[in-house]
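Following: one structure in structure tokens, then a few remarks.
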Protein chains: 2
Amino acid sequence: MSQDTIKVLIIDDHDMVRRGLRAYLEIEDGIDVVGEATDGSEALSAVMTHQPDVIMMDLIMEKVGGIDATREVLAKFPHIKVIVLTSFYDDEKIFPALEAGATSYLLKTASAEDIVEAIYKAYKGDSVIDAKVAGKMVNRFQHKPSRHEELTSREHEVLVLIGKGKTNAEIAEELFIGIKTVKTHVSNILSKLGVSDRTQAAIYAHQHHIV
Amino acid sequence: MSQDTIKVLIIDDHDMVRRGLRAYLEIEDGIDVVGEATDGSEALSAVMTHQPDVIMMDLIMEKVGGIDATREVLAKFPHIKVIVLTSFYDDEKIFPALEAGATSYLLKTASAEDIVEAIYKAYKGDSVIDAKVAGKMVNRFQHKPSRHEELTSREHEVLVLIGKGKTNAEIAEELFIGIKTVKTHVSNILSKLGVSDRTQAAIYAHQHHIV
DNA sequence: CGTAAAATCAGACCTAAGACGGAGGCTATT
DNA sequence: AATAGCCTCCGTCTTAGGTCTGATTTTACG
């Protein structure tokens with residue numbers, strides 16, 4: 001479409017960040033910031049209004065998060081490139097964002113050059129992944145499908161209750177099963193997660209946001 | 001000192017945020033951005049170099065966090081006003097920051113006007129606390145000193161290890177004390193936190209980000 | 001229909017965890 | 001000098017947690 005200038009839409013609830021980003025991008029001849037939105041819920045209409053080529057997307061916003069917004073936008077406009085630009089790099093954010101179709105994943109510690117470069121690359125169809133984030137991705141591919149995905153639904157249910165600090169007796173009562181059965185589930189959970197007691201399982205549950 | 005212009009130092013590891021902030025402040029006649037730092041470790045030297053009246057301080061930075069930096073700076077320059085400007089508003093950040101001597105606490109969702117106003121107020125000695133943060137403070141005063149602050153340093157240490165999933169034996173080994181002693185500490189921790197077993201204590205530790 | 005996985009329960013067994021009570025040494029504050 | 005809080009440790013006792021082996025029933029799938 002636009003051969004020379006890339007139309008960029010900024011979606012971020014931090015006014016300050018939008019300002020900073022604009023400052024970066026407005027001095028670039030090849031880039032034109034065509035609009036802004038302050039929440040994922042405004043994303044779709046902003047996209048329709050401004051017809052951007054690239055979206056700079058924050059992940060954590062008041063109403064609708066960036067991941068959902070990305071999914072929505074790409075469902076209707078699959079040609080748009082979404083660059084995630086956020087402060088966080090934990091597993092529970094990165095992978096859903098990429099699954100939702102984000103092209104690149106940058107951290108807000110990125111420099112102006114990094115960001116400008118990422119936009120040009122995204123426009124060409126290339127991806128830029130922050131080094132810290134890339135490290136996480138490597139782990140993901142080297143190892144496991146996040147062990148707890150192997151849990152059966154019942155085991156998952158039990159793990160959630162462990163994560164809430166329930167005792168076996170309480171779990172049994174809550175699930176209308178016997179304590180012996182709960183113990184069986186707990187044992188299976190522990191070995192599947194590769195941990196050695198319920199406390200570590202509870203920690204696992206919290207670190208993986210299963211609570 | 002400076003009757004008409006307030007000298008402001010920005011400390012934040014997000015280049016973009018620094019840009020945005022500068023954009024806000026540079027159009028203000030009464031405010032002069034005299035310098036920047038990208039990490040808490042640079043804070044002290046930057047303060048000595050630029051002699052600011054007000055510091056805009058991010059909390060989460062690579063090496064030295066904003067809370068420690070605030071403490072350091074105020075120890076040597078108690079007349080400086082520190083405005084915390086961050087994305088987070090959980091208990092474990094807010095209160096330590098205020099205890100460290102921060103004057104105001106703003107979120108990065110704040111508008112230009114909010115920030116400019118906060119700087120003028122801070123310079124006069126007034127505080128500005130974001131509404132969301134203020135809500136947390138009210139809770140704090142209505143209720144409790146976040147139970148775990150009653151923990152002794154040793155107990156806190158033990159709680160951290162519980163939060164890492166260690167057994168009593170492992171904790172004993174790691175702290176060079178007897179298992180019996182660990183048990184005593186654990187018992188005290190449980191009753192102080194108002195929980196009934198180590199698993200709940202571990203969950204508590206994670207939810208309050210003491211890990 | 002046959003098979004495999006999931007869910008349920010049982011008994012025997014062992015151990016870590018936690019409660020309770022008591023106690024001595026250390027340090028800081030008054 | 002004395003009080004108070006913290007850290008350390010001991011023994012005893014009870015129970016919750018966890019393993020292992022094994023078994024029955026239900027559910028799902030080809």
Side-chain angles (χ1 to χ4, degrees), chain A residues 144-208 210-211, chain B residues 71 75 92 95-96 99 144-208 210-211:
Chain A
K144 63 272 170 176
S146 215
R147 290 200 275 262
H148 68 267
E149 287 177 14
E150 293 163 8
L151 295 184
T152 68
S153 66
R154 200 51 158 173
E155 286 162 355
H156 187 271
E157 222 171 337
V158 172
L159 177 57
V160 170
L161 294 174
I162 292 176
K164 288 182 179 172
K166 309 272 186 179
T167 63
N168 286 340
E170 289 168 338
I171 295 174
E173 205 179 341
E174 198 157 332
L175 298 182
F176 305 107
I177 58 181
I179 289 194
K180 302 292 178 64
T181 310
V182 176
K183 284 193 176 190
T184 306
H185 289 314
V186 172
S187 268
N188 292 334
I189 292 168
L190 297 187
S191 70
K192 285 188 183 178
L193 296 188
V195 300
S196 52
D197 57 45
R198 77 199 291 88
T199 301
Q200 292 180 3
I203 294 168
Y204 181 100
H206 279 265
Q207 285 178 338
H208 292 74
I210 324 188
V211 275
Chain B
R71 221 186 311 272
E92 311 312 310
F95 302 107
E99 278 167 28
K144 64 274 169 175
S146 205
R147 292 198 275 263
H148 70 266
E149 287 181 10
E150 293 163 8
L151 295 183
T152 67
S153 66
R154 199 54 157 171
E155 286 162 356
H156 187 271
E157 221 171 335
V158 171
L159 177 57
V160 170
L161 293 175
I162 291 176
K164 288 182 179 173
K166 308 273 185 179
T167 64
N168 288 339
E170 290 168 338
I171 295 173
E173 204 179 341
E174 197 157 332
L175 299 183
F176 305 108
I177 58 180
I179 289 193
K180 303 294 179 63
T181 309
V182 175
K183 284 193 175 191
T184 305
H185 288 314
V186 172
S187 270
N188 292 334
I189 292 168
L190 297 186
S191 70
K192 284 188 183 178
L193 297 187
V195 300
S196 51
D197 57 45
R198 76 197 293 98
T199 302
Q200 291 182 2
I203 294 169
Y204 181 100
H206 280 264
Q207 285 179 337
H208 292 73
I210 341 190
V211 275

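Everything numeric here is computed off the predicted structure, so don't read it as measured data. Labels below follow one simple rule: chain letters A, B, ... track the order of the sequence lines, proteins then strands, and each chain is numbered from 1.
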(Q) I need the B:K164 NZ to B:H206 NE2 distance, nearest 0.5 Å. (A) 9.5 Å

(Q) At less than 4.0 Å, is any side-chain N or O atom of B:H185 found next to OP1 or OP2 of D:dT8? Yes or no. (A) yes

Q: Just call it for B:T181: base, sugar-phosphate, or nothing, with non-hydrogen atoms closer than 4.0 Å on any strand.
A: base

**Q.** Candidates D:dG17, D:dT19, D:dC9 - which lies nearest the side chain of A:T167
**A.** D:dG17

Q. Could you give the distance from CD1 (B:I210) to CG (B:L151), rounded to the nearest 0.5 Å?
A. 7.0 Å

Q) When you check every protein heavy atom under 4.0 Å of nucleotides 20-30 of chain D, what one-letter string (B, S, -) results, 5' to 3'? A) -----------

Q: Rounded to the nearest 0.5 Å, what's the gap from CD1 on B:I162 to CD on B:E157? Could you check?
A: 12.0 Å

Q) Do the side-chain N or O atoms of A:N168 get closer than 4.0 angstrom to the phosphate oxygens (OP1, OP2) of D:dA16? A) no

Q. D:dG18 P sits how many Å from A:I189 CD1, rounded?
A. 10 Å

Q: Could you tell me the separation between the CZ atom of A:R198 and the CG atom of A:L161, rounded to the nearest 0.5 Å?
A: 10.0 Å

Set out, line by line, the N/O atom pairs under 3.5 Å between protein and nucleotides 12-15 of chain D.
none

Q) B:N188 CG to D:dT8 P: how many Å, rounded? A) 12 Å

Q.
Applying the side chain to side chain donor-acceptor pair (under 3.5 Å) criterion to A:T199, which one of B:T167, B:D197, B:T199 satisfies it?
A. B:T199

Q.
Quick one, B:T152 and B:K192 - any side-chain contact, counting heavy atoms below 4.5 Å?
A. yes

Q. Do B:I171 and B:V158 come within less than 4.5 Å of each other through their side chains, counting heavy atoms only?
A. yes

Q) Under the side chain to side chain contact (heavy atoms under 4.5 Å, CB included) criterion, do B:L159 and B:E155 qualify, and how do the steps go? A) CA-CA 6 Å; B:L159 177 57; B:E155 286 162 356; over 6 Å; no

Q) How close or far is atom P of D:dC6 from atom CD1 of B:I177, stated in whole angstroms? A) 16 Å

Q: Anything under 4.0 Å to a heavy atom of chain B counts; send over the first and last such nucleotide of DNA chain C, read 5' to 3'.
A: C:dA17 to C:dA19

Q) Between B:E157 (CD) and D:dC6 (P), how many Å, whole number? A) 15 Å

Q) If you round to the nearest 0.5 Å, how far is NZ of A:K183 from CG of A:N168? A) 6.5 Å

**Q.** 5' precedence on DNA chain D between A:R198 and B:E155 (nearest-nucleotide basis)
**A.** B:E155

Q | Nearest heavy atoms of A:I203 and B:G165, plus distance in Å | A | CD1-N, 3.3 Å

**Q.** Residue met sooner reading DNA chain D from 5', once B:I179 and A:K166 are mapped to nucleotides
**A.** B:I179

Q. What's the CZ-C1' distance between B:R154 and D:dC9, to the nearest Å?
A. 13 Å

Q. Quick one: OG1 on B:T181 to CZ on B:R154, what's the gap to the nearest 0.5 Å?
A. 9.0 Å

